[in-house]
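Have a look at the structure below before the remarks.
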Amino acid sequence: MERVLIFGSTKEAREAAAMLRRRGRQVVFSVVSEYGKSVLPLGTICHVGRLDGPEMLAFIRRINPQRIIDATHPYAVVGSQNIRQCCDALNIAYERVHFDDIDNAWRDAVEWVDS
């Protein structure tokens with residue numbers, strides 16, 4: 001069974017995981033906070049806590065995924081760089097989730113008034 005490691009607990013990460021599970025893949029998550037874990041389905045295999053580059057490399061080796069999906073927040077630049085470098089070093093397929101129009105996403109949460 002193919003194992004996929006997903007970094008992040010964004011809505012897009014959860015949607016990707018649901019699709020992968022329907023296709024028979026084993027999904028493992030890595031999130032930075034207990035809140036991130038709390039939004040995942042019960043029973044999800046999940047690592048909680050920040051990982052620096054060497055820690056991330058050791059974690060990925062231990063999990064041994066065939067594919068990694070970077071669904072971290074778009075502004076988590078250092079995390080994404082570390083994930084990408086680990087994938088390159090271990091020759092693991094890397095995918096980055098695309099976030100639609102993230103720069104304007106906040107506009108739907110604002111109530112606009114005349115003055």
Side-chain angles (χ1 to χ4, degrees):
M1 173 185 300
E2 182 185 38
R3 180 176 297 140
V4 179
L5 173 58
I6 299 177
F7 284 90
S9 61
T10 59
K11 175 182 68 109
E12 292 80 4
R14 296 188 306 271
E15 290 171 353
M19 184 260 315
L20 289 164
R21 285 187 187 113
R22 284 192 303 273
R23 294 181 180 175
R25 306 314 193 272
Q26 180 186 36
V27 177
V28 178
F29 274 89
S30 179
V31 300
V32 296
S33 68
E34 286 295 330
Y35 173 76
K37 181 179 180 182
S38 75
V39 299
L40 300 174
L42 288 177
T44 298
I45 301 168
C46 185
H47 168 271
V48 178
R50 293 189 188 279
L51 298 166
D52 64 18
E55 292 169 331
M56 186 179 289
L57 193 61
F59 172 70
I60 293 170
R61 280 189 174 125
R62 192 170 58 253
I63 298 299
N64 193 30
Q66 286 71 48
R67 183 166 48 151
I68 292 178
I69 297 175
D70 178 0
T72 58
H73 191 280
Y75 301 128
V77 176
V78 173
S80 286
Q81 289 171 343
N82 286 339
I83 295 165
R84 178 62 150 188
Q85 289 171 353
C86 289
C87 287
D88 289 346
L90 298 172
N91 198 28
I92 296 173
Y94 170 89
E95 296 174 44
R96 175 70 176 146
V97 168
H98 175 73
F99 293 87
D100 292 328
D101 201 16
I102 192 68
D103 291 328
N104 292 310
W106 61 272
R107 295 180 189 278
D108 293 334
V110 174
E111 182 177 339
W112 297 93
V113 296
D114 291 331
S115 63

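Count residues from 1 along the sequence.
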If we only count heavy atoms from C-beta on, is the [X] to [Y] side-chain gap below 4.5 Å?
| X | Y | result |
| --- | --- | --- |
| Thr10 | Val97 | no |
| Thr44 | Arg21 | yes |
| Val28 | Pro65 | no |
| Lys37 | Glu34 | yes |
| Leu20 | Arg3 | no |

Using every non-hydrogen atom in the two residues, find where [X] and [Y] come nearest and quote the distance to one decimal.
| X | Y | result |
| --- | --- | --- |
| Pro74 | Arg96 | CA-NH2, 3.4 Å |
| Cys86 | Gly53 | SG-O, 4.0 Å |
| Ile45 | Gln26 | CD1-NE2, 3.7 Å |
| Cys46 | Leu40 | SG-CD1, 3.8 Å |

Query raised in the report: Is Ile68 reachable from Val48 through a run of hydrophobic residues whose side-chain heavy atoms are each under 4.5 Å from the next?
Result: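 No, Val48 and Ile68 fall in different hydrophobic clusters.
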Query raised in the report: Same hydrophobic cluster for Phe29 and Val32, using side-chain heavy-atom links shorter than 4.5 Å among ILVMFWY?
Result: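 Hydrophobic grouping puts Phe29 apart from Val32.
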Query raised in the report: Checking side chain to side chain contact (heavy atoms under 4.5 Å, CB included) against Ile69, which of Ile83, Ile6, Leu5 comes through?
Result: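 It is Ile6; the other options fail the test.
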Requested in this report: Quick one: sort the Phe7 and Phe59 rings into parallel, tilted or perpendicular, breaks at 30° and 60°.
Outcome: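 It falls in the perpendicular class, over 60°.
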To the nearest 0.5 angstrom, please state how far the [atom1] atom of [X] sits from the [atom2] atom of [Y].
| X | Y | atom1 | atom2 | value |
| --- | --- | --- | --- | --- |
| Asp70 | Glu12 | CG | CD | 12.0 Å |
| Ile63 | Met56 | CD1 | CE | 12.5 Å |
| Cys87 | Arg67 | SG | CZ | 11.5 Å |
| Met19 | Arg25 | CE | CZ | 8.0 Å |
| Asn64 | Leu90 | CG | CG | 9.0 Å |

Query raised in the report: With no hydrogens and no angle check, is any side-chain donor or acceptor of Arg14 less than 3.5 Å from a backbone partner on Ser9?
Result: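 Yes; judged by distance alone, with no hydrogens or angles, the pair exists.
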